[in-house]
There are 2 protein chains.
Amino acid sequence: MATGRTHRPATRSRGIPEATVARLPLYLRALTALSERSVPTVSSEELAAAAGVNSAKLRKDFSYLGSYGTRGVGYDVEYLVYQISRELGLTQDWPVVIVGIGNLGAALANYGGFASRGFRVAALIDADPAMAGKPVAGMPVQHTDDLEKIIEDNGVSIGVIATPAGAAQQVCERLVAAGVTSILNFAPTVLSVPDGVDVRKVDLSIELQILAFHEQRKAGEDLAADDVVPPVAAKQPRKGPDGDVPAVMPA
Amino acid sequence: MATGRTHRPATRSRGIPEATVARLPLYLRALTALSERSVPTVSSEELAAAAGVNSAKLRKDFSYLGSYGTRGVGYDVEYLVYQISRELGLTQDWPVVIVGIGNLGAALANYGGFASRGFRVAALIDADPAMAGKPVAGMPVQHTDDLEKIIEDNGVSIGVIATPAGAAQQVCERLVAAGVTSILNFAPTVLSVPDGVDVRKVDLSIELQILAFHEQRKAGEDLAADDVVPPVAAKQPRKGPDGDVPAVMPA
DNA sequence: ATATGTGAAAAGGTTCACAGCA
DNA sequence: TGCTGTGAACCTTTTCACATAT
């Protein structure tokens with residue numbers, strides 16, 4: 001298979017830092033809103049506020065794209081929308097398949113933001129024969145048997161996995177074998193893929209757990225904030241459990 | 001309202017780096033799988049592979065929690081499960097409300113991973129009166145009018161927003177006013193919240209756009225990989241559009 | 001006068017490589 | 001001997017502050 005030869009660190013692309021790439025969609029959304037309100041120009045300060053970042057970061061981000069602003073004035077909204085869209089590859093059409101049409105898959109299929117910005121749902125695929133032919137979001141669900149044909153016929157390079165965790169790796173492998181090189185994974189599993197395939201994951205329970213961590217800290221702070229405990233003692237006592245321990249001990 | 005006084009950089013908590021916190025759920029999932037297979041101990045190498053990270057990173061992450069391993073042996077699975085659970089605050093029960101019971105909200109309500117790990121769906125809330133009383137995931141949907149009462153009665157501190165973008169900010173404000181201090185936002189909007197409230201967002205279209213960026217790069221590479229263009233010339237020409245430009249120009 | 005664009009400093013995160021302990 | 005735990009080196013990202021352009 002003709003995978004691109006040149007191996008590059010994948011965390012960095014054409015000089016645009018990954019952290020910047022991850023924020024471009026945010027800027028684009030804010031700019032699109034301004035564009036719809038026919039706002040002609042915007043300052044880094046205003047746009048940053050709308051995107052929820054600080055202005056220095058935004059300016060630095062834009063500096064990687066080029067000098068698209070005007071000193072003393074700001075940025076031309078329409079022009080920036082175009083430049084960011086082009087940079088993100090949204091001036092072309094990306095056919096996408098969604099595999100796994102359960103509750104979540106159906107929700108994704110119905111999600112409007114999909115179609116609007118360069119993405120087109122080319123097919124909905126499910127392993128359940130009872131689903132085949134049923135319309136979801138105005139589209140007939142197709143059976144997994146035809147996955148390879150669907151990918152090839154539609155030139156799909158982006159796949160969305162919304163199956164149960166147990167099926168995800170197998171679906172992933174079939175997608176990749178059929179030519180998909182970018183995967184958005186909603187299943188709570190680590191997918192392993194060959195080099196050259198990008199995977200991004202969206203994981204509800206991970207997000208909740210991160211929130212719980214901070215939530216717990218807030219609660220603990222209220223109780224222990226002004227205690228006599230000095231910062232250093234606040235560190236977890238090493239090797240010794242500081243409360244009841246469940247069952248097993250290290251050794 | 002009694003918000004914790006001490007303002008800390010929020011990006012760092014009790015000495016555990018944010019990047020580490022974000023990976024703990026991953027380790028926990030891998031460990032839980034091992035635990036279910038009754039594997040007693042695991043090396044950093046094995047566990048790292050299961051979690052999809054490298055072993056040095058994993059060891060460094062664990063070093064922030066304490067010295068929970070045994071040199072020459074590895075980590076005790078059950079013990080680590082407990083320690084990480086405790087660190088993440090999963091040894092306690094977190095009641096959660098989901099606001100916006102459309103396709104996505106229903107999918108979230110039905111998501112099993114919710115209940116399993118410390119989280120409990122306390123209520124489903126929707127603004128549509130026609131939804132009120134309807135059972136979703138074995139639970140009656142309640143009306144937005146009762147939002148404040150539901151939050152208070154159940155001691156909810158974590159809210160999930162799955163409404164349309166237009167409603168999200170308003171829902172957010174009501175949640176926060178009622179006492180919620182952590183929000184998981186699925187609506188494609190930037191939420192503004194007071195200090196002390198954590199927001200995490202899950203945004204399908206942002207993830208897709210990031211994938212499209214890399215996908216575009218892959219395609220471009222195949223065409224231009226061995227071109228005469230030196231790396232420096234591959235940078236975007238500044239100030240000058242390098243192709244057709246849509247309509248407007250900066251100035 | 002005003003707001004961009006960017007070097008330089010600071011902070012945060014990852015990887016290396018090996019000392020230290022079982 | 002084998003694997004953890006961790007300083008030190010390295011890389012990425014953020015922030016600062018100001019020169020530069022309109």
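In what follows, chains are A, B, ... by sequence order, proteins preceding strands, each numbered from 1. Note that the coordinates shown come from a computational prediction; the quantities given were computed from them, not determined experimentally.
Nucleotide D:dT6 holds its C1' atom 14 Å from the CG atom of B:Leu65, rounded to whole Å. In this structure, CZ of B:Phe62 is placed 16 Å from P of D:dC3, rounded to the nearest angstrom. The interatomic distance linking A:Asn54 (CG) with C:dA3 (C1') rounds to 15 Å, in whole Å. The distance between atom CD of A:Glu18 and atom P of C:dG13, rounded to the nearest whole Å, is 16 Å. Between B:Glu45 atom CD and D:dT1 atom P the separation is 19 Å, expressed in whole Å. Taking atom OH of residue B:Tyr75 and atom P of nucleotide D:dG2, one finds them 18 Å apart after rounding to whole Å. Rounded to a whole Å, the CZ atom of B:Arg59 is 11 Å from the P atom of D:dT6.
Between the side chain of B:Arg71 and the base of D:dG2, no donor-acceptor pair under 3.5 Å is found.
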Show the numbers, then the answer: is there a side chain to side chain donor-acceptor pair (under 3.5 Å) between A:Asp76 and A:Thr41? CA-CA 4 Å; A:Asp76 182 282; A:Thr41 61; over 6 Å; no
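Exactly one of A:Leu191, A:Val199, A:Leu184 qualifies for a side chain to side chain contact (heavy atoms under 4.5 Å, CB included) with A:Ile161. That residue is A:Leu191.
For A:Ser43, the listed nucleotide lying nearest its side chain is C:dT4; candidates were C:dT4, C:dC18, D:dT14. When each of D:dT13, D:dT14, D:dT6 is scored by its nearest atom to the side-chain atoms of A:Lys60, the top-ranked nucleotide is D:dT14.
Between B:Arg59 and B:Ser44, the side chains place a donor N or O and an acceptor N or O closer than 3.5 Å (distance only, hydrogens not considered).
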